[in-house]
Amino acid sequence: MQNPLKNLINNKFISNLLSKKKPDEFLEQSSRSGLNKTLTGFDLIMLGISAIVGSGIFVMIGSAVVGTNEHVGAGPALIISIILAGIICIFPAFCYAEFASMIPVSGSAYVYAYATMGEFMAWIIGWVLMLEYAIGAIAVSSSWTGYFIQLLQGFPFLPQCIKNPPVWLINNYTAIAGTPLAESVPHLFGIPICFNIPAIAAIIIISAVLFKGMTESTNFAKIMVFIKIAVIALFVIVGAFYVKPDNWTPFVPNGIKGIELGIFTIFYAYIGFDAISTAAEETKNPQKDLPIGLMGSLFVCSIIYILVTVVLTGMIPGNQIDITAPIAHAMRFVGQGWFAGAISIGALAGLTSVLIVLVFGTTRILYAMARDGFFPKIMSKVHPNYKTPYVMTIISALLMIAGSLFINMQVAAELCVLGTFSSFMIVCIGIIILRYTEPERKREFKVPFCPWFPAIGAFLCAYIMYRAMPDIKTAAAIFPIWLLAGAVMYFSYGYFNHRKLEKSVNYIETSADNEKTGQKVC
C-alpha cells in the first residue's frame, strides 16, 4: 500500500525543483537592489568588444589554425570557421536580446532559465556560467602573464631576473608537468609550489576597479579597447603588404573536421559576449540599449576576427605559426620585429579588457544566485557608497587566484567553450518556452521566426559540442564532474537555504499586511 504522506513529500520536492520565478518578480527584486544604472548602448558595445576581442585573437587563433596535442587545426580555412561561429552566435544573440530587454536584471542565462525551466535548471546553468566566466578569467590571466613577460623582455635595461623570472613565479605546475621545467620547481613535502604572480596581480587590480564601480570599470575598459583596436588595425594594414596567396594552400588541410574544431576553438573568443546581458540591471535604458550592445559588438568583432585571420594565414605558412603568440611571431617572421613590442602592448590591453568583463560577469551571476538564497545572504550585500556587490567581488577574486595555481590554460579554455555552448542552448530553448507560457507579455525586442530560429540555434550549439567531444578528452571528462559537483552543492545547501529565504520573505510580507489591518503575528 502506498504511503500518501510519502507521495505528497515527493511531489512537493519535485514541484520545488521545477518552481519558476516570474519575470515580474525579478523586476521587482532588482528595483530594490541599489545597483547604479549608468551604462549606455555605447558602453555595452564597448563591454562586448572588451569581452570578444582579446585572448581569441592574441592567443587562441594560433591553436585554431595549427591545432593542439589533442586535435587538428583548421588551417587557412579558419576564416570559414569564424564566419560559421559568428553565424551560430547570431541565434543565441537574438534570444539574449529578447530576454535581456524583457527581464533587464543581473544574472544572464541563470535568470532566464529560472523564469522558464525552474529552480534546479537555473542553479545548474548558474553553476555552468560560473565555470564559463571564472575559469575563463583564470585562462585569460595566464595568457596575460605570457604577454607581460614578452613585453618586459623588450626592455634591455631590465635585469635578467625580471625579464626571465623563475618558471614557478609565472606559471602553474599543470602547464609544465611532464617537461624538463617541472624539475626546477621547488617542492614542499613532495608537493610542487607554483605561483603565477603576474596573473594574480592582474586579478587583484581588476577586482579592485570593479569594487569601486561600473563607471570606473567601463571607462578603464574603453581605454583598453581603443589601444587594442589600434594595434590590431596596424597589424592588418602592415601585414597586408606581406600576404602571399601561396600560404593559403592547401586551404582546408584537415577537411570538415578541422573546420568544426576550428569553430569550437575560436568560440573561446566569444565567451563573455553574453556578459552584456549581466549588465542589464546597471543599464539606463535596457530595453533599447541591450539589443544594440549585443548585436553591435557581435558584428564588429566578427569583422575584426575575419580580417586578422586572412592576414595572419597569408603572412606565414600554417605549420610555422606560433600558437602562444601568433600575431607577434608573424611580424617577426616577416622581419618587422619592431612591431612585437606594440603587439605585446595591444595584447595586454586586450586581455585586460577581457578580464574586466569575465570578472564582472562572474560577480553579477553569483550575486544574482546569492540574492535568491542559493548562497549565504552576506554574498548578496551591496556596498553602501559604491553600489557594487563588493562581497561577491572579493570572493570571486579569491576563487580565481586559487584556480590560477593549478588549472591548465588549454583545458580551462575548452571548459569555457563547453560552458558557453551550454548556456547558449538553454537561452535558445528558454525563449521557445516563454513564448508559449507567456505569449501576451510585452517584448521590446522579438526573436524572428520563433520557434524555428531559436531551435536552430540550440541544435547548432549541441552539434558542435558533440563533434568536438572526442578531441577534447580532458575537458569532456571534467565537465560532467563539474555538473555533478554543482548538483551535490544544490541538494546539500542551496535547496534548503532557498526555502529558508522564501519563508523569511513570506513572513515579512505577512507581517506588513497584518500591520496594515491591525492584526498581530505571533
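Just so you know, these numbers come straight off a predicted model, no measurement behind them.
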List for me each residue that meets side chain to side chain contact (heavy atoms under 4.5 Å, CB included) alongside Thr362, sequence neighbours excluded, and say none if there are none.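 By the side chain to side chain contact (heavy atoms under 4.5 Å, CB included) rule, Thr362 matches Tyr133, Ala134, Leu366, Ser396, Met400.
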
With Ser423, which residues qualify under side chain to side chain contact (heavy atoms under 4.5 Å, CB included), at least two apart?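 Once residues adjacent in sequence are excluded, the partners of Ser423 under the side chain to side chain contact (heavy atoms under 4.5 Å, CB included) criterion are Tyr96, Ala109, Ile125, Leu129, Glu132, Asp274.
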
Show every salt bridge (Lys or Arg N to Asp or Glu O under 4.0 Å) that has at least one partner inside residues 92-119, sequence neighbours left out. Glu98-Arg435, Glu98-Arg443, Glu119-Arg499

More than 12 heavy atoms of other residues, nucleotides or ligands under 6.0 Å from CZ of Phe491: is that the case? yes

Within 6.0 Å of CZ in Phe299, more than 12 heavy atoms from elsewhere: no

Kindly write out the residues that satisfy side chain to side chain donor-acceptor pair (under 3.5 Å) with [X], not counting sequence neighbours, or none if the list is empty.
| X | answer |
| --- | --- |
| Thr265 | none |
| Thr145 | Asn196 |
| Asp372 | Lys21, Gln29, Tyr110 |
| Tyr390 | none |

Nearest 0.5 Å please: distance from the [atom1] atom of [X] over to the [atom2] atom of [Y].
| X | Y | atom1 | atom2 | answer |
| --- | --- | --- | --- | --- |
| Leu355 | Ser353 | CG | OG | 8.5 Å |
| Ile203 | Ser141 | CD1 | OG | 4.0 Å |
| Leu210 | Thr388 | CG | OG1 | 8.5 Å |
| Met392 | Ser207 | CE | OG | 13.0 Å |
| Ile138 | Ile200 | CD1 | CD1 | 10.5 Å |
| Met465 | Thr420 | CE | OG1 | 10.0 Å |

Measure up the Phe99 and Tyr112 rings against each other and bin them: parallel (under 30°), tilted (30 to 60°), perpendicular (over 60°). parallel

Taking C-beta and beyond as the side chain, do Leu131 and Phe479 meet within less than 4.5 Å on heavy atoms?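 Yes. Closest side-chain heavy atoms under 4.5 Å.
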
Please identify each residue that fulfils salt bridge (Lys or Arg N to Asp or Glu O under 4.0 Å) with Arg441, with sequence neighbours left out.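 For Arg441 the salt bridge (Lys or Arg N to Asp or Glu O under 4.0 Å) partners, ignoring immediate neighbours, are Asp24, Glu438.
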
Under the salt bridge (Lys or Arg N to Asp or Glu O under 4.0 Å) test, residues paired with Lys20 that sit two or more places apart: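 Counting only residues at least two positions away or on another chain, Lys20 forms no salt bridge (Lys or Arg N to Asp or Glu O under 4.0 Å).
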
Let me check something: any side-chain donor-acceptor pairs from residues 455-463 under 3.5 Å, sequence neighbours excluded? List them with distances.
| residue | atom | partner | partner atom | Å |
| --- | --- | --- | --- | --- |
| Tyr463 | OH | Glu260 | OE2 | 2.9 |

By ring-ring contact (aromatic ring centres under 6.0 Å, His included), which residues pair with Phe445, not counting sequence neighbours? Phe94

Quick one: ring-ring contact (aromatic ring centres under 6.0 Å, His included) partners of Trp482, sequence neighbours excluded?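 Once residues adjacent in sequence are excluded, the partners of Trp482 under the ring-ring contact (aromatic ring centres under 6.0 Å, His included) criterion are Trp127.
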
